Amino acid sequence: MVTVLKAGTTEEQKRMLIKWFEDQGLRVHEYENDNQTVLGLIGDTSGIDVEMLELLDIVEHVALISEPFKKANRKFHPEDSVIDVGGRKIGGGSFAVIAGPCSVETEEQIIEVAKAVKASGATMLRGGAFKPRTSPYDFQGLKAEGLKLLLEAKRETGLPIVTEIMNQDHLDLFEDVDVIQVGARNMQNFELLKELGRTDKPILLKRGLANTIKELLMSAEYIMSGGNENVILCERGIRTFETYTRNTLDLSVIPVLHNLTHLPVVVDPSHATGHSDLVEPMAMAATAGGADGLMIEVHNNPPMALCDGAQSLTPLQFEETMKKVRRIREVVA
Ligand SMILES: O=C[C@H](O)[C@H](O)COP(=O)(O)O
Ligand SMILES: C=C(OP(=O)(O)O)C(=O)O
């Protein structure tokens, strides 16, 4: 429910109304829209008498909002959220490129890739240390050692690091990580989301393999309702009947999410396509479609990668892709 206040409402009148809402067990999110003060009410509003509320001198009107997501909802927060990651911004016109290998493998590998992607214009470094693998026999990541190597690459290049968490018990290890990624497979790991809601770290939340937009937003809501509003959404392709590509990239999600939410939207064309030759065209398409950023896998020797080599660009291919992405940004920004 939102309550729009009349122009001329005094600060004291507004405070009294907010206090009354809070006494009803509601949380109040206040914002300005078209020079009007709007109070977004979060919680169970079934006990509020809407007609009585509309009779108050200071109330312009009351609108019922049926969407179940509140904190992430653009109706409650019309301006784009801009997430600051160590001085690199994402959202509200600021574009981020998160690039790096699927997995951290060795010190030489991560530092070489970090330097290369930085030189081509990446704004953040990605690299998996805890890997969610389909097979328990596949490379599971270097775990804590991988995080140390990422921090080493950050020291060398200054690039903020983005890496995936799979288990809330590992949270202490992520203290120096700049952006914590929740992978597709954990998008609905609600205990993990709740725990991340208690941190103040930016969270990159990937859409699940077969999840709807609404489910993605409800997962963001888990993090935000816990107090952490630094959420970046990521489309990485969804499961469809099509098997030529690894997943089907749902590009329409970009304008849909921009309508529904103020949170930044990043697209990962690497996991979406599974083929390195499809990464560049889909990176360009996502940029043209209004994405706030890209996540792209880059490996110094893709055929030898321990995970996802087929979808990884070489540093040279990444450099070429970045040139095209920049040209598209000049047109759409
Ligand atoms: O980013 C890497 C993921 O862990 C990888 O895509 C998992 O897929 P797979 O284990 O099915 O190869
Ligand atoms: C595992 C990853 O991606 P996703 O969760 O999208 O499969 C990843 O980015 O390393």
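From a predicted model like this one, the values you see are computed outputs, not experimental measurements. Both ligands and their constituent atoms are indexed starting at 1 by order of listing.
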among protein heavy atoms, the one nearest atom 9 (P) of ligand 1 is Thr134 OG1, 3.4 Å

Suppose I only count heavy atoms of Gly183 and a 4.0 Å limit; which atoms of ligand 2 are within that range?
5 (O)

Any idea which part of Asp308 is under 4.0 Å from ligand 1, heavy-atom wise: side chain, backbone, both or neither?
side chain

Mind checking whether Gln181 has a heavy atom under 4.0 Å from ligand 2?
yes

Atom 12 (O) of ligand 1 - nearest protein heavy atom and its distance:
Arg133 NH2, 3.0 Å

Which residue and heavy atom of the protein sit nearest atom 6 (O) of ligand 2, plus the separation
Arg236 NE, 2.6 Å

Of Asp292, Leu263, Asp80, which meets side-chain contact (heavy atoms from CB on, under 4.5 Å) against His258?
Asp292

Do any N/O atoms on Ser135 end up under 3.5 angstrom from N/O atoms on ligand 1?
no

Apply side chain to side chain contact (heavy atoms under 4.5 Å, CB included) to the pair Ile111 and Glu152, showing each step before the final yes or no.
CA-CA 8 Å; Ile111 290 180; Glu152 189 56 41; 3.8 Å; yes

Thr123 side chain vs Val97 backbone, donor-acceptor pair below 3.5 Å
yes

Apply side chain to side chain contact (heavy atoms under 4.5 Å, CB included) to residues Val266 and Leu294 and explain how you reach the verdict.
CA-CA 5 Å; Val266 163; Leu294 297 169; 5.6 Å; no

Pair Phe76 + His262: ring centers closer than 6.0 Å
no

Using heavy atoms and a threshold below 4.0 Å, how should the contact between Cys307 and ligand 1 be classified: side chain, backbone, both, or neither?
side chain

Where do Met322 and Ala122 come nearest, in terms of heavy atoms and distance?
CE-N, 4.1 Å

Residue selection (non-hydrogen contact nearest atom 8 (O) of ligand 1) among Arg246, Lys131, Gln311
Arg246

Out of Pro132, Ala310, Gly274, whose heavy atom sits nearest atom 7 (C) of ligand 1?
Pro132

Looking only at non-hydrogen atoms, which of Glu164, Met295, Arg126 approaches atom 9 (O) of ligand 2 most closely?
Arg126

Derivation and outcome, salt bridge (charged side-chain N to carboxylate O under 4.0 Å, His left out), residues Arg207 and Glu235
CA-CA 5 Å; Arg207 183 178 181 182; Glu235 163 64 32; 2.8 Å; yes

Please work out whether any backbone atom (N, CA, C, O) or any side-chain heavy atom from C-beta onward of Cys234 is under 4.0 Å from ligand 2, and answer side chain, backbone, both or neither.
neither

Is the backbone of Thr157 close enough, under 3.5 Å, to the side chain of Lys118 for a donor and an acceptor to pair up by distance?
yes

Tell me, please: is Arg185 in heavy-atom contact with ligand 1, that is, under 4.0 Å?
yes

Assess Gly128 for proximity to ligand 2: is some non-hydrogen atom of it under 4.0 Å away?
no

